[in-house]
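Read through the structure below, which is laid out as structure tokens, and then see the notes.
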Amino acid sequence: QKTMRAGGMRYHLQLFCPVQTTNEYGEEQTTYTPTRTIWAERVKWAGNRSEEVGEHFAAYTVTFRIRDVHPIGEGWRVQLMGEHLYTVMAIEPNRSKGMLSLLCQRVNV
């Protein structure tokens with residue numbers, strides 16, 4: 001039996017599927033094709049800063065919860081509508097509630 005909590009899905013996410021292509025020089029490239037827009041719940045978010053070779057890098061992570069009927073995989077990208085772009089690093093299923101937790105890291109562009 002699936003249970004849902006009303007009002008939690010208030011964030012609009014655009015899903016992007018990775019597509020491997022090869023250019024005329026034989027180099028493999030990954031492009032991302034938009035697939036669908038879904039509703040999600042933002043469970044937690046965090047930010048920190050690291051230093052590598054004397055440079056500071058910001059790292060932001062967020063966990064979104066979505067319904068398990070949406071096709072998505074690790075390496076996909078999601079974008080909060082009108083906001084930041086994230087890469088899906090891991091997916092944790094919660095089959096008893098019919099949900100998936102997407103552990104994401106912000107894309108630094």
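Values in this document were obtained by computation on a predicted structure and should not be read as measured data.
Val78 is not listed as a side-chain neighbour of Leu85, based on a closest heavy-atom distance of 4.5 Å or more. Side-chain contact between Leu100 and Phe64 is absent, with no heavy atoms from C-beta onward closer than 4.5 Å. Looking only at side-chain heavy atoms (C-beta outward), Leu102 and Thr63 stay at 4.5 Å or farther from each other.
Relative to the ring axis of Tyr86, Arg106 does not place its NZ or CZ within 45° and under 6.0 Å from the centre.
Within a 6.0 Å radius of OH in Tyr60, other residues, nucleotides and ligands contribute 12 heavy atoms or fewer.
With a 4.5 Å cut-off between side-chain heavy atoms of Ile, Leu, Val, Met, Phe, Trp and Tyr, the cluster of Met81 takes in none.
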- Query: Where do Arg67 and Met9 land on the side-chain contact (heavy atoms from CB on, under 4.5 Å) test, with the steps shown first?
  - Reply: CA-CA 10 Å; Arg67 292 190 176 94; Met9 303 282 187; 4.1 Å; yes

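Taking both residues in full, the closest heavy atoms of Glu83 and Gln79 are given as O-NE2, 3.2 Å, listed atom of the first, atom of the second, then distance. Heavy atoms only, all atoms of each residue included: Arg65 and Ser101 are closest at NE-OG, 4.0 Å. For the residue pair Thr35 and Trp76, the shortest heavy atom distance occurs at OG1-CZ3, 3.9 Å.
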Would you mind writing out the side-chain donor-acceptor pairs for residues 12-22 within the sub-3.5 Å range, not counting sequence neighbours?
from  : atom 1 : to    : atom 2 : distance (Å)
Gln14 : OE1    : Thr37 : OG1    : 3.1
Gln14 : NE2    : Arg36 : O      : 3.2
Gln20 : OE1    : Thr30 : OG1    : 3.3
Gln20 : NE2    : Thr30 : OG1    : 3.0
Thr21 : OG1    : Gln29 : O      : 3.4

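The side-chain hydrogen bond (donor to acceptor under 3.5 Å, both in side chains) search around Tyr11 returns Arg42, not counting sequence neighbours.
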